[in-house]
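Here the structure comes first, spelled out in structure tokens, and everything after it is commentary.
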Amino acid sequence: MTATEPRVGAVQAKSGPASPIGMRVRNLDWEAKTGGLADYVGDLQLPNMLHARLVRSVHAHANIRGVDTTAAEAVDGVIAIVTAADFDNARYTHHGGPLADRTVLAGTKVRYVGEEIAGVAAETAVAANQAAGLVTVDYELLEGAFDFDSARHPKASQIHEDKSGNVAMHIERHWGESGTGTKSVAASGVYTFARQTHACMEPNSVVANWNGDTGHLDVWISTQSPYLVRKELAGVLSLAPEQIDIHEIAVGGGFGSKSKISEFEAVACKLSMKSGRPVRLVLTREEEFGTTKARHNAQIELATEATAEGRILSRQAKVAIENGAYNHSGPSVMGYGTLVLGSFYRTDRVDIEADLIYTNKHPGGQFRGYGSPQVTFAIESQMDELAEALNIDPIEIRIRNANQAGDVSHTGWKIDSARLVECLEAARDAIDWDNKRKLKGSGRGVGLAAAIHVSGAFIYEDANRSASTIDVTADGTIIVRFGGADAGTWQKTLLAQFAATELNVAPEEVSVITMDTATTPRDLGAWSSRGTYMSGHAVAASGKAMRDRLLSLAADALGEHTSDLRLADHRVIGATGSRSFAELATQGGVDGVLTITKEVELDIEPLDPMTGLANFSGAYSFAVQAVEVDVDSDTGKVTVLDAISVHDSGVVVNPIGFESQVIGGMAMGLGAALGEELLYEQGRPINPSYLNYPLPRAADLPPIRPLSVQGEDPHGPYGAKAVGEIVLIPTAAAVANAVAHATGVRIRELPLTPDRVLGALRQDQAQSRSYGLAGRPSRWWIAGIRSLYPRGLQKVLHRYGTLFGRVHDAQPIEQILSPTSIEDASVALKGGAAPLAGGTDLLPARNQGLVEATTLVDLCTIPGLATVAVNDGALRIGASVRLTKLESGLNAEMFGGAVPAEARLIAMAATRIASPQVRSMATVAGNLCQQKRCWFYRNDFNCFKRGGTTCPCYAVDGDHRFYHAAVGAHRCQAVTPSDLATAFSTLDAMVIIARSTGQRQSVSMSSFYTGPGETALADGDIITAIEVQLPSLETTDGLHSLAGYQKLNLWEGDFAVVSAAVALRLDESKVIRHAAISVGALAPEPLRLASIEKALVGHRPDRVKLRSNLDALWSKIGHPLRNNEWKLDAATGVVLHAFDDAIASE
Amino acid sequence: MNVNGTPTSGPVEQPEKRLLDLLRDDLGLTGAKEGCGRGECGACTVLIDGVAVLSCITLAARVDGEVTTIEGLGEDADKLRAAFADHGAFQCGFCTPGQIVRCIALLAQGLPEDDHELRRQMSGNICRCTGYVGIMAALREADGREPQDVQQ
């Protein structure tokens, strides 16, 4: 069986009676979505609508002694406030019984930073935010637990009264029995899977509109499962489900995050009920990252025994899953993980112990893959470890253990169709496995991993049912109505394709209504990959019934037998004549509409939560993913060069949708493998922004190739199986296996960030560097302070203020001045106004509480500051020049010949900054002057730089692996974020400043910074230009210039983790006569490597010597924090790469 | 300023008003989306004098020139939009207006030959659904070229 590679881009021409199943049908909403015309919740405007904001806990674990809303109520424009009292202790059902541990709002206790305590609705967003900040909560602090060890500690505070040891749930499973095979090899290891977040482009949003007269609630929610949400809302609002209607709206992504209810929906509804007005609540991006239900991070101890042929005898797993503060989906995520451990591959016996542990963090929830990515990472990493031990090809060992059609797994899964073996063979071809395996140990390698997943799961009441309605109207319109939602999954288009198949029309000729509880029959929604499977069966049923009805009506009308009639072109055609659908509807319908609703009930078993046994899904899909990677052994950076995803998902209903889902899903998997992780400091989110979350941007990925092995599933609708979640399940293991192949090093901890990879590569090498601190008295004070932090100093210094406690948005801007002279601008700045150029840092910084000024001075209205010119061998760049001009506008004509290396260095630095849009807006001076980007500083941690000398620096003990200094830091560990600063530092640029006294002054780059992102500018000073000498234009000294710029970061556009700008001048015999090297993001300010430069001069380029000089230098000047020593090694790598680039540019 | 060709005055009494709010709230042009409000995701991308910028960190009072939103792209974008549909370049659609507006600016400039550079030029628009292959293929097709991004 060969894989067919659906060709992306080729729309198969419709010729003849082609079935809609398998057709490349354009997404039904393509015109609206590509035209910006689709309405999402945030686009709705209802008359008299109020804006709502949640009040959230600033503490991770505390009793609530009281909530005072008096000050908040007094804010002008506030209309309603709700607290826990308004919900009367109602709990969400979620998984029911003792697992239902969550009320809508916290009443007596908070269990995580960001937990919802109250909701405010006001006339304007500004008023709502202001009022939310004025709600006072009287907390009694409790000790918090933030990881497995501290939560399980005997002295740990109990997070839920009835769960001692903070164990929310414990599962033990023993499946199968020891067989007769002889154990030949065993592998064991501990694998950890980090916490990611869905980061859907559309934040969670709701509009609720209560009509007090009719007692009816109309709600629009960005949701995957309207019926599930309605049921829960009815419960906590004390309404009958029929009193609530959820309406159709476009949904901007889900991935599980919107498949059950959260808290904001009920709060908005209650606010509407209290105020009698429509209420809109949209989460901010910080709330999305910091408070929504994340991927459950897991620690899995796995041991596998196998025969000499690689056949798995036994699998033993000890699993720990971090629940967060509440159950939500923790029990079922952990449960599903154990089922995958029991069912993936043929095994003789499986023994599992699993614990779900409460911690004081925002809870985990439903996330694509649902426990399987975590356990599959362990299983599939270990498969390769077994293969290595047995000297068996990793593909071969998987073939030998593959699930096969007809198998029934230990947990009762009846696997009717299985093409895992075909997927493995297809992957072998597609990634050129046999050739690429020869790369072993070279720094490049390939790896692969497989997965199994359900097509829907009977884990809730009625999850084995689905319904759909088909209408045919008197004007011939065909409508499918279905209760589940389309969050981007192509559900709507598939519904049209299914109906079109039954009625023999084109999919584009079918209208689709989803989600609307008033007009659609019930379906529990999109989760556990049930969409295609359930809706396919539901529409097959209603479609066939409609077909039968049309035939029967036509048979009567024509006086023929139904068996002699056929459907075509919206007509029923017989020997004696035909009738159009429209005519038949007019004749046979009720008020001219034929309507048929069918509910299907699948022949599957409800999951038994006590044993885990059940054939609880209609079909099981398989997938194999393979990647080729390059591992930079100097920096630890892993680059994915090629990626394929091969699927046994039965019949592919829509290849365009399939390819897009597969590519996007694997992209999400690569993000989790290589960088995505939510980070915390004592339970407080550190990185709640896209800026600090390395999900893949376009340039971070290769062109991922989606493939499908052909074949039907006997029970799948039209032969189809699911594909929605499996797309990211094997990815992390595939990457880890590729890295192991490329380097010989096995890493079992995710994500595979450069620090981890470099650390793993170096663990066999010589002991870590000594920094000779005893001989460096200038560092003793800092070393002393740092050592006291974990011993209690930080606790003493630490004071609370968080993202969720402060009134988030700054005071509105009152005035924007537009001076036309430097003097006028200077006067305004001296008066306390803030300088505004591109605005790309100023405006976000205002919202981060870092700039209080409400008067801004537009520096871009000052004429003459936006030009670039070459005069007297120097390049003069105006302060207001946009970064795009530097990126691509320094061209040959400007220099009267070739672009000099110095200018190319500036362009190289500029093009790596942020994004194209930011580069179009941001200015040179603005880039140089931007504030430090330390994520503690930027996210409301009341640190030394924000609160003064009695406040701690959170980076000393907090997560400082990437963006903090490893050289020369004092009380603050931040670095200067500007890339241009590094390049200008190498070029010995001069900053031309118009002092507030009226004087013009040139300040060298080396004196420009006084601290990380802190400049020598005094109040009222304005940068007018940067001046860079161009020795390249000097032609009489026989020298020529070379330059290179390198930047190590976590995603395309990210700030530097470490960067290097190298500029060299060589003579005709290639001897280096001048050298300048500046390293960015390693020290508080750009770091010129004077001793390295000196050692280069007078010699030909010698990178071996350069490497050893750099290594020696770090011993002399390095003073890393506990976990960022790796940055010194990475800096060596980055300097070498920039040096190599410079030499190669000759 | 002009918005999609229609003269529009800036927010005289509200210097803090963002261009994004002026477009969405005052003019009912809800195509541009607020994905982050911090200039990090690209969902709010619009054109000012043909240049792709982030309207969530642009103060409306400073805008002077031609603002073009997704709604105002007209027939020039038809080929690109059809290519988006044929190549699966969108799923949930929330980032799509920003993607398309950014694409139009890039097409007008001329697409880079190199595929990695093309991806870099699109890296200011995050998509969480599609993995970007469809977007790149749509761009090449709209430029009249065979999609190179896809390996056969």
Side-chain angles (χ1 to χ4, degrees), chain A residues 5 8-9 11 26-27 29-30 33-40 42-43 199-202 250-253 284-285 487-490 656-657 659-660 663-664 666-668 689-691 695 697-699 701 703-705 812-816 839-840 843-844 858 915-918 920-921 1052-1053, chain B residues 15-16 30-43 45 51-54 57-59 61-62 69-71 81 84-88 90-97 100 102 116 119-124 126-137 141 147 149-152:
Chain A
E5 201 167 321
V8 174
V11 177
R26 285 183 180 178
N27 187 296
D29 290 327
W30 80 268
K33 289 197 169 164
T34 62
L37 301 171
D39 276 338
Y40 299 79
D43 301 325
C200 308
M201 298 312 297
E202 185 205 13
V251 177
T284 65
R285 186 49 62 179
T489 57
W490 286 65
I656 303 181
E659 289 157 13
S660 195
I663 296 167
M666 191 170 188
M668 197 178 256
S689 67
Y690 282 123
L691 194 69
L695 55 76
R697 280 63 172 177
L701 297 167
I704 296 166
R705 297 183 283 137
I813 298 168
E814 284 166 18
Q815 204 184 10
I816 306 171
T840 55
L843 297 176
D858 188 340
S915 69
Q917 290 93 317
V918 168
S920 298
M921 300 164 72
E1052 179 63 38
Chain B
E16 83 284 351
T30 55
K33 306 296 184 203
E34 177 147 9
C36 71
R38 301 162 49 131
E40 296 170 6
C41 74
T45 303
V51 176
V53 297
L54 303 163
I57 49 172
T58 298
L59 294 173
R62 294 177 87 197
T69 71
I70 180 79
E71 296 92 341
R81 293 171 52 218
F84 259 60
D86 291 333
H87 292 282
F90 70 90
Q91 288 173 36
C92 84
F94 198 79
C95 78
T96 310
I100 290 185
R102 166 55 187 154
H116 184 75
R119 281 172 170 259
R120 272 193 4 96
Q121 290 298 329
M122 289 303 299
S123 287
I126 301 176
C127 176
R128 196 53 162 157
C129 292
T130 70
Y132 308 105
V133 171
I135 296 171
M136 299 307 138
E141 181 169 304
D149 207 45
V150 180
Q151 297 186 23
Q152 296 303 316

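Letters A, B, ... are given to chains in the order of the sequence lines, protein chains preceding strands, and every chain is numbered from 1. Side chains are part of it too, since the values below use all heavy atoms of this structure and drop only hydrogens, waters and symmetry mates. All values derive from a computational prediction rather than experimental measurement.
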Rounded to the nearest 0.5 Å, the CG atom of A/Asp39 sits from the OG1 atom of B/Thr30 at a distance of 5.5 Å

Pick from B/Cys95, B/Gly31, B/Gly93 with the largest number of heavy-atom pairs that fall under 4.5 Å of chain A: B/Gly93

I need the minimum non-hydrogen distance between A/Ile813 and B/Glu16, along with the two atoms involved. N-CB, 3.4 Å

Test your reading of the model: is there a side-chain donor-acceptor pair from B/Gln91 to the backbone of A/Ser660, 3.5 Å cut-off? yes

Taking all atoms of both residues into account, what is the closest heavy-atom pair of A/Ala698 and B/Met136, and its distance? CB-CE, 3.8 Å

If you tally heavy-atom pairs under 4.5 Å against chain B, which of A/Ile816, A/Leu691, A/Ile704 wins? A/Leu691

Does B/Arg128 use its side chain to pair, donor to acceptor, with the backbone of A/Cys200 at less than 3.5 Å? no

4.5 Å side-chain heavy-atom contact, B/Lys33 and A/Glu202: no

Has B/Arg119 got a side-chain atom pairing as donor or acceptor with A/Leu701's backbone, closer than 3.5 angstrom? yes

Rounded to the nearest 0.5 angstrom, the CG-SG distance for A/Leu695 and B/Cys127 is 10.0 Å

Would you check if B/Gln121 and A/Pro916 make a side-chain contact, meaning some heavy-atom pair closer than 4.5 Å? yes

Could you tell me which of B/Thr69, B/Ile135, B/Ile126 has the largest number of non-hydrogen atom pairs under 4.5 Å with chain A? B/Ile126

Tell me, side chain or backbone of B/Ser123 under 4.5 Å from chain A's heavy atoms, or both, or neither? both

Between A/Ala38, A/Ser915, A/Ala250, A/Ala199, which shows the greatest number of heavy-atom pairs under 4.5 Å with chain B? A/Ala199

For B/Ile57 and A/Leu843 the tightest heavy-atom approach is O-CD1, 3.1 Å

Do B/Cys129 and A/Met201 come close enough that some side-chain heavy atom pair is under 4.5 Å? no

Please look at B/Ala61 and chain A and tell me whether the side chain, the backbone, both or neither of the residue comes under 4.5 angstrom of a heavy atom of that chain. side chain

Under 4.5 Å from a heavy atom of chain A, the part of B/Leu54 involved: both

Hey, could you give me the CG/CZ distance between A/Asp43 and B/Phe94, rounded to the nearest 0.5 Å? 7.0 Å

Side chain to side chain, B/Val133 and A/Glu659, heavy atoms closer than 4.5 Å: no

Heavy-atom distances under 4.5 Å only: say whether A/Val251 touches chain B with side chain, backbone, both or neither. backbone

Using the six-membered ring wherever Trp is involved, compare the ring planes of B/Phe90 and A/Trp490 and label them parallel, tilted or perpendicular (cut-offs 30° and 60°). parallel

Counting heavy-atom pairs under 4.5 Å with chain A, which one of B/Glu34, B/Arg62, B/His116 comes out on top? B/Arg62

Is it the side chain or the backbone of A/Met921 that comes within 4.5 Å of chain B heavy atoms, both, or neither? side chain

Is A/Tyr690 reaching over with its side chain to a backbone N or O of B/Cys36, donor-acceptor style, under 3.5 angstrom? no

Heavy-atom closest contact (A/Ala667 atom, B/Gly131 atom, distance): CB-CA, 3.8 Å

Just verifying a value: how many Å separate A/Lys33 NZ and B/Thr96 OG1, rounded to the nearest 0.5 Å? 7.5 Å

For B/Val53, is it the side chain, the backbone, both or neither that has a heavy atom under 4.5 Å from a heavy atom of chain A? both

Out of B/Ala32, B/Pro97, B/Ala85, return the one with the most heavy atom pairs under 4.5 angstrom to chain A. B/Ala85

Are side-chain heavy atoms of A/Arg26 and B/Asp86 found at a separation under 4.5 Å? yes

Hey, does B/Glu40 have a side-chain heavy atom less than 4.5 Å from the side chain of A/Ser689? yes

